[in-house]
**Q** 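Below: one structure in C-alpha cells.
Each chain gets a letter, A, B and so on, in the order the sequences are listed, and its residues count up from 1. It should be emphasised that the depicted structure is a prediction, and the values quoted were computed from it without experimental measurement.
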Protein chains: 2
Amino acid sequence: MPEAPPTSIPPAVAVVGRGLVDPGGPVVRADDLGLTRGDGCFEGIRVVDGAAEDLDAHLDRMARSAAGLDLPFDRAGFEAAAAEVIAASGAAGVGEASLKLVLTRGPEHDPGHPTGLATLAPLTEAVRRARRQGISVATLTRGWAPGAFDGAPWLLGGVKTLSYAVNTAAMREAARRGADDALFTDAGGALLEGPTWSVAWLRGDRLTTVDPAPHGCLRSVTTDRLLADAATAGLTPALGAGTVDDLRAADLVLAVSSVRGGVEVGEVDGQPLRAADTRAVGWVRRHLAGRWPAR
Amino acid sequence: MPEAPPTSIPPAVAVVGRGLVDPGGPVVRADDLGLTRGDGCFEGIRVVDGAAEDLDAHLDRMARSAAGLDLPFDRAGFEAAAAEVIAASGAAGVGEASLKLVLTRGPEHDPGHPTGLATLAPLTEAVRRARRQGISVATLTRGWAPGAFDGAPWLLGGVKTLSYAVNTAAMREAARRGADDALFTDAGGALLEGPTWSVAWLRGDRLTTVDPAPHGCLRSVTTDRLLADAATAGLTPALGAGTVDDLRAADLVLAVSSVRGGVEVGEVDGQPLRAADTRAVGWVRRHLAGRWPAR
C-alpha cells in the first residue's frame, strides 16, 4: 500500500440489500468466504463530482467476473448501494473520490447468501502525486507459463477476484527495489499488467495494450476508453503482446487504471524511459492532464 | 465447497485481543484488506476432544506465512483465541471439530491494525464420507511455469494466504467433471497439491510427497507427521517430484490435510487407481483408520 489515506475510516459504506451502515463498524462475518478464501470479485470506480465514471462498463465487467466465479450478481442492488454511498459521502461536492464494489460468496455456514458492499473513500495524495510525477516500476514475474490460460477458466483470467495477495506482495517487493509499483511479466518475459492497472505504450501513432484474454489479464475499462479516445484523435489503438524492450523503445509508456487514471511510467527496473517529442505524445499528455487532474 | 454444513453459523468465533463475539454477527470492516485483497493468511486445524492437534506446528507455519506477507503475528493472542473458541463451543465433548485461524492486514483506512480471528466449526459429513469412501480427483493446471518460484518470494510459494479464489474455482471445475476434488499440476505436468491438501503416494516402501519449496506448494503439517510416523514403521519417507503417471504406478495415493486427515485417492481423471496388496499399504490403511475415524 503506498501510504495511509488521510482518514481512518472510509466516509461511507453500504451493504447491498440493506443500505448504509456505520463505516467504522464491522459488516462481514468471520466465516465470509470473501474473507477466508478471497472468493469474490470487485470493481474500483472513479467518482467525479458525484458521478461514477463508466459505471455501466464496470458493472458489465463485474457481471462477467461474477459469472466466472459462478456467483449471482444483483446489478440493481449494487447500483443502489453505489448511489447511496455517493449521496451519503457528500462526494458531489468534493471533486474526486474512489468507489469500490465488492461481491463475495457470503458466509460459509449460511450458503447461498452472497455479500455485496459499496465503499466510498477520498482520493489519496499518492494518486495525485502519480499523476503529477509519473511512476517508476519494477518488472516481476507472475509465474504463469505462456499460454497457461488457454482452456483453463478455473485460473480466472480476466476475473477481477478478491484474491490479490500476490498483487500486494509484488507492490511491496517493488517498494523494496525502490520503485513505485510492480509490472508483471509471464515466465516467458511477455508483459502482463500491473497489480492494479494495465500497461499501454505509444510507438509512432500506435497505442498498444496487452491483449487481455490470451495473457490472463484483466480487461481494463479505462484503457478501452483511452484507446477509443485515441482513435478519435487519429491514433491507432491496438491489442497485442510486448516485452520490456517494447517499453524501452516506446515513445511513451502509461499505467492505466480507473481511479488513478493514465499516468506516465518514467522508469523501468531503475532505468529511465525517454518520452519522445512527437505529435502523438503531445496529444496523449494533454488528454491525460485534461481527464485526470494532478491537483 | 463440498456441501452445506449442518448449522447456519459456526458455534464459536473469537477476535484476537478482544475475545469471544457473536458467531452470527459481523466482525470485519468493509475495508479490511483480508476481505478486499485476500491479503492475509490462515490455518485449518483439527480439534479432537477439545485439543487442537499439532497446534505448535500450525502456529509455526502461520508465523512463516505472516513473515512472508510482512505481517506481525501475535502468537500468544492466537493461542488465547483458539483456547476461547474451543472452550466456548463445548468441543471437548463432541469428538472432532475444525478450528480456523485467520490473520489479515486489517482495515485499509486504519493501517497497522491487523485482524486476527479464530473460528470453530463442526466437522462436515463430507469429511467423514471422504474418510470412508476415498475421493476422486481431476487434475488441473495451476498455470505456473516449472521453476517459477525460484527467487520470486512475491509469488508467496509456501505462504498459506487467504487468496484462494483459484483454489475454489478449481474445486468447482472438478465437480463439473464429476470428481470430488481437484489436483493441481504445473504447466510442465509436475504434480503440485490439491486446493486444500497435499498429495502423497506409496510405491513399495517409499512414501513420497511433493517437495514443497521448488514447487511453490504449502508445506503440510499433517503430511510431515504422516511421513515421520511412516518412518517409525519402517517405510521410507521422501520429498520429491512426480507426475500423474507416478500416481497411476503407485501402490496407494493419499490426499492429506489437517482436518480431513489422510484419505485415499481412488480415481484420477475418471480412471480408477488400483491399490496394491502390500505390507506397506496395509500399514498405511490401518494408520489412517486409526487416526482419522470415518464415523
Side-chain angles (χ1 to χ4, degrees), chain A residues 1 4-5 7-10 13 23-40 42 69-70 100 102 104 107-111 117 119 121 140-145 148-149 152-156 159 161-170 172-173 182 186-187 216, chain B residues 1 4-5 7-10 13 23-40 42 69-70 100 102 104 107-111 117 119 121 140-145 148-149 152-156 159 161-170 172-173 182 186-187 216:
Chain A
M1 304 294 103
T7 59
S8 67
I9 54 170
V13 176
V27 296
V28 166
R29 273 170 50 160
D31 66 336
D32 194 289
L33 291 160
L35 176 72
T36 60
R37 298 292 194 195
D39 194 2
F42 76 103
L69 293 167
D70 296 320
K100 178 170 276 198
V102 171
T104 87
E108 180 175 3
H109 298 92
D110 190 17
L117 302 170
T119 305
L140 298 175
T141 180
R142 189 63 183 75
W144 305 125
F149 291 84
W154 58 90
L155 296 181
L156 303 176
V159 174
T161 76
L162 300 173
S163 287
Y164 264 40
V166 168
N167 302 48
T168 61
R172 291 192 297 277
E173 174 68 20
D186 74 12
Chain B
M1 304 294 101
T7 60
S8 67
I9 53 171
V13 176
V27 296
V28 166
R29 273 169 49 161
D31 66 336
D32 195 289
L33 291 159
L35 176 72
T36 60
R37 299 292 194 194
D39 194 2
F42 75 103
L69 294 167
D70 297 320
K100 178 170 276 198
V102 171
T104 87
E108 180 175 3
H109 297 92
D110 190 17
L117 302 170
T119 305
L140 298 175
T141 180
R142 189 62 183 77
W144 306 124
F149 291 85
W154 58 91
L155 295 181
L156 303 177
V159 175
T161 77
L162 299 174
S163 287
Y164 264 40
V166 168
N167 302 48
T168 60
R172 291 191 298 277
E173 174 68 20
D186 74 13

**Q** What part of A/Ala152 is in contact with chain B, defined as an atom under 4.5 angstrom from a non-hydrogen atom: side chain, backbone, both or neither?
**A** side chain
**Q** Would you mind telling me which of B/Gly34, B/Gly143, B/Gly38 has the largest number of heavy-atom pairs within less than 4.5 Å of chain A?
**A** B/Gly143
**Q** With B/Ala182, which residues qualify under side chain to side chain contact (heavy atoms under 4.5 Å, CB included), at least two apart?
**A** B/Leu140, B/Ala170, B/Ala174, B/Pro195
**Q** Any donor-acceptor pair under 3.5 Å linking the side chain of A/Thr104 with the backbone of A/Asp39?
**A** no
**Q** Contact part of B/Thr161 toward chain A, heavy-atom cut-off under 4.5 Å: side chain, backbone, both or neither?
**A** side chain
**Q** Does any heavy atom of chain A fall under 4.5 Å from the side chain of B/Val13, the backbone, both, or neither of them?
**A** side chain
**Q** With a 4.5 Å cut-off on heavy-atom pairs, point out which of B/Thr119, B/Asn167, B/Asp70 contacts chain A the most.
**A** B/Asp70
**Q** Heavy-atom pairs under 4.5 Å with chain A: which of B/Asp32, B/Thr141, B/Asp31, B/Val102 has the most?
**A** B/Thr141
**Q** Do you know which of B/Gly25, B/Gly40, B/Pro107, B/Pro153 has the most heavy-atom pairs with chain A at a distance under 4.5 angstrom?
**A** B/Gly25
**Q** Return the CZ to CG distance between A/Arg172 and B/Leu69, rounded to the nearest 0.5 Å.
**A** 6.0 Å
**Q** Relative to chain B, which of A/Ala187, A/Ala169, A/Ala165 shows the most heavy atom pairs under 4.5 Å?
**A** A/Ala165
**Q** Less than 4.5 Å to any heavy atom of chain A: does that hold for the side chain of B/Leu117, its backbone, both, or neither?
**A** side chain
**Q** Taking side chain as everything from C-beta outward and backbone as N, CA, C, O, which of these in B/Thr36 sits under 4.5 Å from a heavy atom of chain A? Side chain, backbone, both or neither.
**A** both
**Q** To the nearest 0.5 Å, what is the distance between CG on A/Leu33 and CG on B/Leu35?
**A** 11.0 Å
**Q** Would you check if B/Arg37 and B/Glu108 make a side-chain contact, meaning some heavy-atom pair closer than 4.5 Å?
**A** no
**Q** What pairs with B/Trp144 under ring pair (Phe, Tyr, Trp, His ring centres under 6.0 Å), at least two apart in sequence or on another chain?
**A** A/Trp144, B/Phe149
**Q** Verify side-chain contact (heavy atoms from CB on, under 4.5 Å) between A/Arg142 and A/Val166, making sure each step is shown before the conclusion.
**A** CA-CA 8 Å; A/Arg142 189 63 183 75; A/Val166 168; 3.7 Å; yes
